[in-house]
2 protein chains.
Amino acid sequence: MNETSGTAAAQPTERIPAAERREQILAAASVVFGERGYSGATTDQVAKAAGISQPYVVRMFGTKEKLFLEVLARALDRLIVGFRQIIAEPREPGDDEVELLAARLGAAYVDLIEDRGILLSLMQAFISGHNPVVGAKARAGFLEIYRMLRDEAGFPPDAIREFLADGMLFNTLLAIRLPDIFDEDPDAEELMRCTFRGKLDVVLGATAAEAAEHA
Amino acid sequence: MNETSGTAAAQPTERIPAAERREQILAAASVVFGERGYSGATTDQVAKAAGISQPYVVRMFGTKEKLFLEVLARALDRLIVGFRQIIAEPREPGDDEVELLAARLGAAYVDLIEDRGILLSLMQAFISGHNPVVGAKARAGFLEIYRMLRDEAGFPPDAIREFLADGMLFNTLLAIRLPDIFDEDPDAEELMRCTFRGKLDVVLGATAAEAAEHA
DNA sequence: GGATGTTGTAATTGAATGATTACAAGATAG
DNA sequence: CTATCTTGTAATCATTCAATTACAACATCC
C-alpha cells in the first residue's frame, strides 16, 4: 500500500493519530508494568510491546513515572466505574439483596482482573505505600471502593469485609499463577475451588481450560 | 578500644563474624526490598542500611537475586514455622476449636507482618508469578500453608478460605499504609475496624498509637 | 614472627536505561 | 508548490548500578 520500496522488510510503522497511539501504549504499559513492576519495567519494553520506538513512548508521556500513574489511574477508574454501574442497576429489595449484589460485583471484578495487566498494576500500587504519589492514589482508590459499598450499595460491615477479603485472596491466587500448576499439584486446584465454593465457576472454567489446553 | 588514632572520625566499621554480618544484611535487605521491590532496591541501599560497603553485600551473597531469594525464604520459613508451632500446641476439642485456633494463628500472623519487611517481601513475591524462581517459591509457600490448615489444623474449607482471605485483606490494608491517614480521613479507620471487628484490637491499638504519636 | 585466612573497602568497569536531540517523512493548509 | 504541523525514528548522552578487582587491616596458627 504505502510502501515505496517493493521489497521493504521492516515495515516503517504505520502512522496513527496520537490519541489512538496513546491508548496502544497504555495497554502495552499495563501489561509490562504488571509483569515487571514499576522499577523492573523499561520504557523500551513498553515501546516494543506497543510496536513503536522508545523515544516516542517517553515523549508521549513525559516521563516513565507519569506513564505509570496514567496506567494506574485507568485501572482504578475502570474498577470504580464498573462497580458504580452495577450498583446503579435497579434491583428489587429482598432477603438476599446484599448477597446477590455482592455476587454481581464479584463477577464484574473477576472479569476485570482477568486482564492481568490491571490485576498486577493494582497490586503494584498496593505495595507502593511508601511512594507518596502512588501510595496516595492507592489509598484513595481503596477508600472510594469502601465508601461505595457502604453508602451506595448499602452493604453492612460484615458484607464489606467479606467482599474485600475474598477479592484480595483472589488477587493473590491469580497473581502467583496458581492455575499454572493445576496439573502438577492437585492441591492447587483444590485451594482455588475451596476459595470460590463454586460461586464463580465462570472464572475457574476459563483458567482450567487454559491449563488443559496448555497441557 | 581498638582505635589506633585518637581522634578518628569515621569509625572503620567493626570487624564482625561473617555469620552475624550475614544476618544484619538479611535484616536490612528485608526492609529495603520490602520498600522498593526487587528491581527498585539497590545493593548499595542494602549495604548502607546494614552499615557496610556495597561490594561486601555482593560478595556475601554472590548476586542480588540470591540475596532476595534468601530474604524470601526466611520470611516464608518464619511464617510456616510459626504457624506449625501454634498448631502443634495441645488444644482441647470443642465447638469453637477451629475458631479459637484461627484466632491464635491470626494473632501470630499479625505479629509477623507487623515487620513491614516481611509483609512486603511476601507481597513482592506474590506479584512475581512471572519469575520462574520467585514465582515457584511463592506458589509452593502458599500451598504449604493451605495444606497445613487443611491437614494439620483440620480446618474445613470455609474456615480456610476465610482465614486466608482475611489475611490477604489485612496484608493489603497494611501495605497501602491505611493507618497513616487515620487522622485525615475517618473512613480509613472505619475500614480498618470493619475489617477486624475488634477481634484484633492489639494491632489496631499499636498502629493507632503510632499515628497519634506522629500527629 | 612470618604465613595464612578472614573481614572489610576504594576504585573501577561494563551494561542497562531514561531522557534528549536532531532529523525524516507523511499529511494538511493556503 | 511551499510552509507548517504531526508522527515517527536513529543516534547519543548521562546516570545508575551490579559486579569485579585490587588492596588493606586484623586475627590466628605454626
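We use all heavy atoms of the structure for the numbers below, so side chains are in, but hydrogens, waters and symmetry mates are not.
A:Arg22 places its CZ atom 15 Å from the P atom of D:dT6, with the value rounded to the nearest Å. Atom CD1 in A:Ile16 sits about 15 Å away from atom C1' in D:dT9, given to the nearest Å. Computed from coordinates, the A:Met60 CE to D:dT6 P distance equals 13 Å when rounded to whole Å. Atom NZ of A:Lys48 is separated from atom P of C:dA16 by 12 Å (rounded to the nearest Å).
Under the 4.5 Å side-chain criterion, counting only non-hydrogen atoms from C-beta, A:Phe142 is in contact with A:Leu164.
Here CD1 of A:Ile127 is found 11.0 Å from CD of B:Glu35. Values are rounded to the nearest 0.5 Å. A:Leu143 CG to B:Leu191 CG: the interatomic distance, rounded to the nearest 0.5 Å, is 6.0 Å.
Figure legend: B:Lys64 and B:Tyr38 shown as a cation-pi pair, the cationic atom lying under 6.0 angstrom from the six-membered ring centre and within 45 degrees of its axis.
At least one side-chain nitrogen or oxygen of B:Tyr56 sits closer than 4.0 Å to the OP1 or OP2 atom of C:dG8.
The A:Ala18 side chain lies nearest to D:dT7 when the options are D:dG8, C:dT7, D:dT7.
Interface remark: the B:Arg15 side chain does form a donor-acceptor pair with the C:dT6 base, using a distance-only criterion of under 3.5 Å.
Contact record, B:Ala175 with B:Leu120: CB-CD2, 4.0 Å, taken as the closest heavy-atom pair.
Here the side chain of A:Arg161 pairs no donor or acceptor atom with the backbone of B:Asp166 at under 3.5 angstrom.
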### Task
For nucleotides 15-22 of chain D, just jot down a letter per nucleotide in 5' to 3' order: B, S or -, based on protein non-hydrogen atoms under 4.0 Å.
--SBBB--
### Query
Going through the distances and angles, do B:Asp185 and A:Arg139 end up as a salt bridge (charged side-chain N to carboxylate O under 4.0 Å, His left out)?
CA-CA 10 Å; B:Asp185 188 337; A:Arg139 285 186 288 272; over 6 Å; no
### Message
With salt bridge (charged side-chain N to carboxylate O under 4.0 Å, His left out) as the criterion, how do A:Glu70 and A:Lys66 come out once you've worked through the C-alpha distance, each side chain's angles and the decisive distance to 0.1 Å?
### Response
CA-CA 6 Å; A:Glu70 181 78 26; A:Lys66 282 180 188 160; over 6 Å; no
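Contact check of residues 24-32 of chain B against DNA chain D (heavy atom, cut-off under 4.0 Å) returns no residues at all.
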